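Everything quoted here is computed from the prediction, not taken from an experiment.
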Amino acid sequence: MWKWLHPYAKPEAAYRLCGKLLPWFAILSLLLLSLGSLWGLAFAPADYQQGDSFRIIYIHVPAAIWSMGVYMSMAIAAFIGLVWQMKLSDMAASAMAPIGAVYTFIALVTGSIWGKPMWGAWWVWDARLTSELILLFLYLGVIALYQAFDDQRTAAKAAGILAIVGVVNLPIIHFSVEWWNTLHQGATITKFAKPSIASDMLWPLLINILGFAFFFATLTMVRLRNEIISKESHRPWVASVAKARLQGGE
């Protein structure tokens, strides 16, 4: 029903829309990530306790935030696919899963690198770290289920159910530092009160968080376009797109 209510729910229209938006999102993500990373890694003042080692937050924090944000986006797409049987939503969820898994992996690795000098260990079974690791396993499970069945509808249904059930882990990750006595430091910018970080350290962090968001959107559009071409290869419009590419156009 939704594909008649909204023109961009059709794979062909979504493919062409992504093609139009992709260059703009790619440019914005490149500019934001370059500005935020250069500012944070080279020009932000050193922390009075952690020194320069705190600078890893400019990669770790955005990756950690969007590891959850991507998962929520994927779960919403999977829910729409399950309830309204929208094939495009299933494609979008499948496109997002590997991106979220990489973001989660980056968050875990950078967290371990930061934890070694701060905690004296690469890994501790802290509530925040453990729940983030579970998030990675959820991503891998969703990816595996999309590839486990020959029938795409069955695969999408199984992966979608796991994605939706896994949402329960997101508040656990977010509130773990408040619910349990953990080594992980508390929130610095997700407070209703004034952020507990200096503004000259905060701005490059916010820019990188936004940059990671645009980079996620860019990669999603690239992967979604590939998913659409793969799943709709029997459609006449795909042949016309392939012909246009050979001729040097879209």
* Asked: Should L108 and W123 be marked as a side-chain contact (heavy atoms from CB on, under 4.5 Å) after you check the CA-CA gap, both sets of side-chain angles, and the distance that decides it?
  -> CA-CA 9 Å; L108 288 167; W123 181 266; 3.9 Å; yes

* Before accepting this row, confirm whether a basic side-chain N of the pair R55/D52 lies closer than 4.0 Å to the acidic partner's carboxylate O. => yes

* If you link I, L, V, M, F, W and Y whenever their side-chain heavy atoms are under 4.5 Å apart, who else ends up in the same group as L31? -> I27

* Asked: Between I76 and I143, is there a shared hydrophobic cluster once you connect ILVMFWY residues whose side-chain heavy atoms come closer than 4.5 Å?
  -> no

* **E12 and I228, any side-chain heavy atoms less than 4.5 Å apart** => no

* To do: Evaluate the criterion side-chain contact (heavy atoms from CB on, under 4.5 Å) for residue pair K231 and M91; output intermediate values, then yes/no.
  => CA-CA 9 Å; K231 299 297 189 299; M91 294 181 191; 3.5 Å; yes

* To do: Identify the two heavy atoms, one from L145 and one from A158, that lie closest to each other, and give their separation to 0.1 Å.
  => CD1-O, 3.6 Å

* Does a donor on one side chain sit under 3.5 Å from an acceptor on the other, for R153 and Q85? -> yes

* Y15 ring center near W237 ring center (under 6.0 Å) -> yes

* Asked: With hydrophobic residues grouped by side-chain heavy-atom distances under 4.5 Å, do F43 and I57 end up in a single group?
  -> yes

* Asked: In terms of the angle between their ring planes, are Y103 and F215 parallel, tilted or perpendicular, with boundaries placed at 30° and 60°?
  -> parallel

* Do M221 and L17 share a hydrophobic cluster (ILVMFWY, side-chain heavy atoms under 4.5 Å, transitive)? -> yes

* **Under-4.0 Å salt bridge between E132 and R128** => no

